[in-house]
Amino acid sequence: MPRYNPKETEPRWRAAWEREMIFRARSPAEAAGQPKWYVLEMFPYPSGKLHMGHVRNYAMGDVVARYKRARGFNVLHPMGWDAFGMPAENAAMESGVHPKVATYAQIANMRSQLKTLGLALDWDREFATCDPEYYGKQQAWFLKLLRSGLVYRKESEVNWDPVDMTVLANEQVEDGRGWRSGALVERRKLTQWFLRITQYSDELLKGLEELPRWPEKVRLMQENWIGKSRGLRMTFAFEGVAPQGFEGGVSVYTTRPDTLFGASFIAIAADHPLAQSLAAADAKAAAFVADCKKGGVSAADIETAEKMGYDTGLKVRHPFVDGQSLPVWIANFVLMDYGTGAIFGCPAHDQRDLDFARKYDLAVRPVVIPAGEDAPTFAVGKEAYVGPGKLANSDFLDGLEVEAAKAEAISRIEAKGQGQGATVFRLRDWGVSRQRYWGCPIPVIHCAKCGVVPVPEDQLPVVLPDDVTFDVPGNPLARHPAWKNAPCPSCGGAATRETDTLDTFVDSSWYFARFTNPRAAEPIDKVAADYWLPVDNYIGGVEHAILHLLYSRFVTRALKDEGLLSVAEPFDGLFTQGMVTHEAFQSRNGEWLTPDRIEKRGNEWVDRELGTPVTMVGVEKMSKSKKNVVAPEDIFEQYGVDAARLFVMSDSPPERDVQWSTGGVEGAWRFINRVWTEFEAHEIPDETVEQGDDAASTALTRATHRLIKQVGESIEQFRFNTGIARLYEFLNVLKANPPIGAGPDLMAARHAALSAFARLIAPFTPHLAEECWARIGGEGMASTAPWPVYLESLTVEDERVLPIQINGKRRGEITVPAGLAEQEVEKIALADPATMRHLEGLSVRKVIVVKDRIVNIVAG
RNA sequence: GCGGACGUGGCGGAACUGGUAGACGCACCGGACUUAAAAUCCGUUGGGCCGCAAGGCCUGUGAGGGUUCGAGUCCCUCCGUCCGCACCA
């Protein structure tokens, strides 16, 4: 029997699609009222090599794009390259190849690999973020934000990666180490460019509520990241003579103003101006402050770090208790960049404050008494009480519940003019400066006379110079005199260009908008953007749940306020897909081994070549270092692209990891061949034969209609694995009704079934679908054929098999017409011989009939 | 520590709003075809028990309890795994 030959069919159909340009998205004008659908997978970094993760990611988007197209939507499904970034520059330092040369070569490689996937992409819209045409537009809107104050410069302590020689955003520091280099991060002070994302804190938080098509998990992560808290910002006045410059007192922020009467100290951060000022005059304080900075910043260090403090000797007055004073300490556990960098400590009701108080023997006064405890006897030992309760030992707050006490404390402080209710966010402004070459140049010029001057719009883009070297660490732009020196646009005097480039997250925070018209003269073609945005299905890894998605949401809002586009939220539907994993093996001496040389003998994993036992370390993300990578091109070569696409979507729910297995992909390959066998054997029936009404053809017709419904729903709901399972199931039905010996009625039903089937598999295995479609004489191509329609009436069986339970245990079943009334079903059930046998000697107390579902008889 | 997700055969996983647990695939086993193997095709398979058989019974979704005619699904307690954040006052 001739097997299906993907090596011949797949390239042929890809060429046909390209020739007919069927995946080109229509412009808003061309579309004229046709509904749009924008499908976007997170665009790749051009590493130069396609991996299985890409295959899964892009195959999923492709399923939706092809499905929506068949449903009559004008689909935008573009592709581009997130092409700036450190890998290319690091490679340049090692190998001497220029980042630009290397990047475009890698793009070329990956483009051709991606094209073999047979994706329904509009390649006409392709761009790379390192194209001057793209980053020039980015510079243009950057300057708009600069003018409206959303971009600013400030000196700030930054995370400095000593290996990559660059500044990292907080988000790029993981466990105190650079996210890429893994080097321990240092703190340095530099003047940096920032985007004022905090101006949108509240909007970004509220906006999450309008994103029901996002995973709950991602919304929660963003919510926590933005970290809104409500509390009180208030000032404690110094007792006696205030230190110079701090006559106004110490400002603190608290979310527990109800516990004010339990306060026993004030603690300020080591970076707090007051601490700095004290350190300048006091050697001991200076030593302590220096000590605080020394501590490691890794998660483990922080967790185990002991609370440390230094008593400044200063005292402040309690706002409500005359004569009570609180000592002011410098403490290592207080953060300068949250709230005001100072707190009041209430040890009884905060664990950190309690640890600190126990160590330095400060007072612990409970003021919130849990229900069932008495104020005079309630004591706090080693664990602070943070639960609900009634206030005590708190003057005017006594007897109030926590929430009421908070409100009362705030209004009393406000009345005294010593502070006011405040909302604080955890979110910080986005530092976008990178001391790097391979990024978008920040388009400003520094002039000694005029200060920071934007590059005039007609001089954009500020293009990266090509003649740079990477033989020494640091930023090549900073040591390129011809590029760096430029006349001041304002006064014409000698001036220098900004040599910082933008964080690559800026590049990826608006590319989805540029795709709507990538050749527009403006950064964003408003007509096109308003037509296409928001993205209807945005698909990518969950690792971008916070940074990329939050930045994109922010930039979209900022650009909306600039009038560049109209939507506030860029991504209406978000889907985070799982990774492709594979078993990873290690020999007994710890060497990683490729899975293809391992086989299972009994319960043992054995190295096939050496015959030695090996350890299956686990099922992990494919990675070079663990040697558990399966190269997509090898799979394409052996089984074809369709089999690879099908397998990565069939074996697990899309949001979960899928485990690569040879058996699995062979199963997909088997399916493809079985499908082809059915189509090959099919004889196109005479058109004059009407569909029959015999039992077999009716059953097949019903099964077909049910399948159309199920597959459509699976795709809409991103449950590709169950949709594919239904296709497998249907193939078994087809095989159970073979053409051999079939009459004209069944042949007609089979033809209709195959016609639908070819179109239903098209999103998953598009090349096979075309071949099948052509085989049965389908009009045009499967990729352009309309989605088959089903009749609801044909999706339900006209008979139902109802299980009969007696006291909750299944005892038999009856077959009844669908929709039969409860009383009728009850009669049939009670008359059923098997039921009667089980009911012998029992009396029926109650019969529950769930229509078309089940019968449960309660008897005793 | 805080927040969240999840736990179903040998494996990946199905099971709509509480209604026949184990769809579909992998693996395994048996059979057909073959000189043989591969490929292909057909069939069996949660565990246990009774029966020559037809068939029947018990048990079963991490553990324990609860609600319900009925629980994988809802509630409580516990155990375990994974993910995010992390001294955020």
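Quantities reported herein were computed from a predicted structural model and do not represent experimental measurements. Chain A is the first sequence line, chain B the second, and so forth, proteins listed ahead of strands; every chain is numbered from 1.
Checking B:G12, B:G3, B:C87 against every side-chain atom of A:Leu220, the shortest atom distance belongs to B:G3. Of the candidate nucleotides B:C69, B:G13, B:G3, B:G13 has the atom lying nearest to any side-chain atom of A:Arg656. Relative to the side chain of A:Tyr338, the nucleotides B:C85, B:A89, B:C69 differ in distance, and B:A89 lies closest. Nearest nucleotide to the side chain of A:Arg426, out of B:A86, B:G84, B:A89: B:A86.
The nearest whole Å value for the distance from the CG atom in A:Asn673 to the C1' atom in B:C41 is 13 Å. Between the CD1 atom of A:Ile806 and the P atom of B:G70 there is a distance of 14 Å, rounded to whole Å. Atom CZ in A:Arg3 sits roughly 14 Å away from atom P in B:A38 (whole-Å rounding). Protein atom CG of A:Asp657 is 13 Å distant from nucleotide atom C1' of B:C6, rounded to whole Å. Here the P atom of nucleotide B:G84 and the CD1 atom of A:Ile546 are 9 Å apart, to the nearest Å. With rounding to whole Å, A:Asn332 atom CG is found 18 Å from B:A89 atom P. Counting to the nearest Å, the P atom of B:C85 and the CG atom of A:Leu427 are 14 Å from each other.
Each of A:Trp669 and A:Arg837 was assigned the nucleotide of RNA chain B with the nearest heavy atom; the assignment lying further toward the 5' end belongs to A:Trp669. Of the two residues near RNA chain B, A:Glu216 and A:Gly339, the one whose nearest nucleotide lies more 5' is A:Glu216.
Within the nucleic acid shown, A:Arg219 has no heavy atom closer than 4.0 Å to any nucleic acid atom. Using a 4.0 Å heavy-atom distance criterion, A:Lys809 is classed as a sugar-phosphate-only contact. Across all strands shown, A:Val334 has heavy atoms under 4.0 Å from base atoms, whether or not it also approaches the sugar-phosphate.
If you check the side chains of A:Arg656 and A:Gln577, you find no donor sitting under 3.5 Å from an acceptor. Between the side chains of A:Arg674 and A:Asn732, at least one donor N or O lies within less than 3.5 Å of an accepting N or O. A donor-acceptor pair shorter than 3.5 Å cannot be found between the side chains of A:Ser650 and A:Tyr728.
Pairing of B:G12, defined by two Watson-Crick or G-U wobble distances under 3.5 Å, is identified with B:C24. Pairing for B:G51 is absent, with no Watson-Crick or G-U wobble pair whose two atom distances lie under 3.5 Å. For B:U73, there is no paired nucleotide, since no Watson-Crick or G-U wobble pair has both relevant distances below 3.5 Å. Base pairing analysis places B:U35 opposite nothing; no Watson-Crick or G-U wobble pair with both distances below 3.5 Å involves it. Figure legend. B:G7 is base-paired to B:C79; pairs are counted as Watson-Crick or G-U wobble with both atom distances under 3.5 Å.
Aromatic ring pairs are classed by plane angle as parallel below 30°, tilted from 30° to 60° and perpendicular above 60°; the pair A:Trp430 and A:Tyr551 is parallel. Using cut-offs of 30° and 60° on the angle between ring planes, the pair A:Trp669 and A:Tyr4 is tilted.
Here A:Ile828 pairs with A:Ile814, A:Val816, A:Leu820 under the side-chain contact (heavy atoms from CB on, under 4.5 Å) rule; sequence neighbours left out. Evaluation of the ring-ring contact (aromatic ring centres under 6.0 Å, His included) rule for A:Phe679 yields no partner, not counting sequence neighbours. Under the ring-ring contact (aromatic ring centres under 6.0 Å, His included) criterion, A:His682 pairs with A:His751, not counting sequence neighbours. When the salt bridge (Lys or Arg N to Asp or Glu O under 4.0 Å) test is applied to A:Glu824, the partners found at least two apart in sequence or on another chain are A:Lys827.
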Seminar exercise, completed: Whether each nucleotide of nucleotides 19-29 of chain B has a protein heavy atom under 4.0 Å at its base (B), only at its sugar-phosphate (S) or at neither (-) is summarised, 5' to 3', as BB--BSSSS--

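If you take atom C1' in B:G13 and the same atom in B:G7, they sit 13 Å apart, rounded to whole Å.
Side-chain atoms of A:Lys307 come within donor-acceptor range of the base of B:C87, with a qualifying N/O pair under 3.5 Å.
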Listing time: all N or O pairs from protein to nucleotides 78-83 of chain B that are below 3.5 Å?
{"residue": "B:C83", "atom": "O2'", "partner": "A:Lys217", "partner atom": "NZ", "Å": "3.4"}

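Salt-bridge annotation for A:Glu813 and A:Arg810: present, with a side-chain N of the basic residue lying under 4.0 Å from a carboxylate O of the acidic one. Remark: A:Glu713 does not engage A:Arg719 in a salt bridge, criterion side-chain N to carboxylate O under 4.0 Å.
For B:C57, one of the phosphate oxygens OP1 or OP2 lies less than 4.0 angstrom from a side-chain nitrogen or oxygen of A:His838.
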